[in-house]
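First the structure, in the form of structure tokens, and then the observations on it.
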Number of protein chains: 2
Amino acid sequence: MAQSTPPPWLDDQERRTWLALITVVTMLPSALDAQLAPGSDINYFEYTVMAGLSEQPDRTLQMKHLALFANGSLSRLSHAMTRLEQRGWVRRGKDPTNGRLTVATLTDEGYDHIVSAAPSHVSEVRRMVFDPLTPAQISALEEIASRIAAALGAPDDPFGPIP
Amino acid sequence: MAQSTPPPWLDDQERRTWLALITVVTMLPSALDAQLAPGSDINYFEYTVMAGLSEQPDRTLQMKHLALFANGSLSRLSHAMTRLEQRGWVRRGKDPTNGRLTVATLTDEGYDHIVSAAPSHVSEVRRMVFDPLTPAQISALEEIASRIAAALGAPDDPFGPIP
DNA sequence: CTTGATAGATTGAATGTTCAAGCCAGACGG
DNA sequence: CCGTCTGGCTTGAACATTCAATCTATCAAG
């Protein structure tokens, strides 16, 4: 009985799709950084961190959950926090209820800064991603990206279980 | 007459889509690197460079075109070539017909190496991207990613005009 | 010719990310 | 209690990428 072995190479359709996807995957991050840096002096990862905090009660979140939300390692977040802390946009402190947890807080200055950075950032996202797509394609993209994200091992809820 | 101003914020649907897309965009590169590094000692960018060369006549291409194909800057490529050259997988030389062009060539050792790295790489791409999707979704993704890539300013033909 | 301008490519310094090691507080078992 | 273990976080060094400066070969103009 012939074992059905997984098809080894990509066919033409898959090849074209892969090429287009990988182009987006490599160009989108630099495009986001390029838009944020001139006016706001932050990169996209730092933007995500601050935006994540701004939506939390007390604009505060534990490092671990923040890292998960921003799709980054704890180490990367820690370094980023050091930079943001030096600029006074963010603050770290021990969780009073549990001394081994660290919580990150967005300062007022940080809040002002992210609020001023947001509009042009959002409109750039819109221009690059949503404007070129039809409503049906946007809906299709949600499902497609979710499936790939799942195959990559992404957690279902970006904030994870917050006890 | 009310000017139709561009909608400032993302609605729920767009938000979910953006979240899923950005998760893919941030996780896919590290997943590709993680798969390649252990067995092959290269990152995805270096893989793309060598794979691109392997498909050219004489396994040779000019630096500029190679950079375009690999979605990277000339500087990034130059640094990568230095690393690959030190391992003997690639070679640089001046184009005899035009002394200010540099051509990159994949060596036999480089060819062997990329050939041995390819199967597991491709099957990982398949597992992460194509297996989770239906044929209709793959086809939709091609169009969607192409449109976004165009909005990001990607050239139509990844090899560009090669004179 | 000679000069200037420009495209292709390289280089080194600055910046950001990853990786591995280490630190500290609390939980757990004796 | 006391020691060990573990999870959360930080740190510094190694590595890759970006950015700006530089170099070189060609081309165009005078």
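Below, read A as the first sequence line, B as the second, and so on, with proteins coming before strands; counting in each chain starts at 1.
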Quiz item: Is the backbone of His121(A) close enough, under 3.5 Å, to the side chain of Glu124(A) for a donor and an acceptor to pair up by distance?
Solution: no
Quiz item: Whole Å only: how far is the CE atom of Met27(B) from the P atom of dT17(C)?
Solution: 17 Å
Self-check item: Interatomic distance, Met81(B) CE vs dT11(C) C1' [rounded to whole Å]
Solution: 16 Å
Quiz item: Taking DNA chain D as the partner, which of residues 100-107 of chain A come within under 4.0 angstrom of it by heavy atom?
Solution: Arg100(A), Leu101(A), Thr102(A)
Quiz item: Taking CE from Met63(B) and P from dC23(D), how many angstroms apart are they, rounded to a whole number?
Solution: 19 Å
Practice problem: For the residue pair Trp18(A) and Tyr44(B), categorise the inter-ring angle as parallel (less than 30°), tilted (30 to 60°) or perpendicular (more than 60°). | Solution: perpendicular
Quiz item: Start at the 5' end of DNA chain C and walk down; is the nucleotide closest to Thr97(A) or to Lys64(B) reached first?
Solution: Lys64(B)
Practice problem: Nearest whole angstrom, please: distance from the P of dG16(C) to the CD1 of Ile42(A). | Solution: 12 Å
Self-check item: Main-chain N/O of Ala51(A) paired to Ser54(A) side chain as donor or acceptor, under 3.5 Å
Solution: yes
Quiz item: Thr82(B) and Arg92(B): side-chain donor and acceptor closer than 3.5 Å?
Solution: yes
Quiz item: Roughly how many Å is it from NZ in Lys94(A) to C1' in dC23(C), rounded to a whole number?
Solution: 10 Å
Quiz item: When you measure from the side chain of Arg147(A) to the backbone N and O of Leu133(B), does any donor-acceptor pair fall under 3.5 Å?
Solution: no
Quiz item: Any side-chain heavy atom of Ile148(A) within less than 4.5 Å of one from Leu28(B)?
Solution: no
Practice problem: May I have the distance from Asp33(A) (atom CG) to dG16(C) (atom C1'), rounded to whole angstrom? | Solution: 10 Å
Exercise. Assign a letter to each nucleotide of nucleotides 11-17 of chain D from its 5' end: B, base within under 4.0 Å of a protein heavy atom; S, sugar-phosphate only; -, no contact.
Key: BB---SS
Quiz item: Can you tell me how far P of dA25(C) sits from CD of Gln62(A), to the nearest Å?
Solution: 17 Å
Practice problem: Determine yes or no for a side-chain-to-main-chain donor-acceptor pair under 3.5 angstrom, with Arg126(B) supplying the side chain and Trp9(A) the backbone. | Solution: yes
Exercise. Report the residue (Leu77(A) or Ser30(A)) whose heavy-atom-nearest nucleotide on DNA chain D is the more 5′ of the two.
Key: Leu77(A)
Quiz item: Counting distance only, does the side-chain N/O of His113(B) pair as donor-acceptor with the main-chain N or O of Ser40(B) below 3.5 Å?
Solution: yes
Quiz prompt | Polar side-chain atom of Glu142(B) near backbone of Ser139(B) as donor-acceptor pair, under 3.5 Å | solution = no
Quiz prompt | Rounded distance in Å - CG (Asp95(B)) to P (dA7(C)) | solution = 18 Å
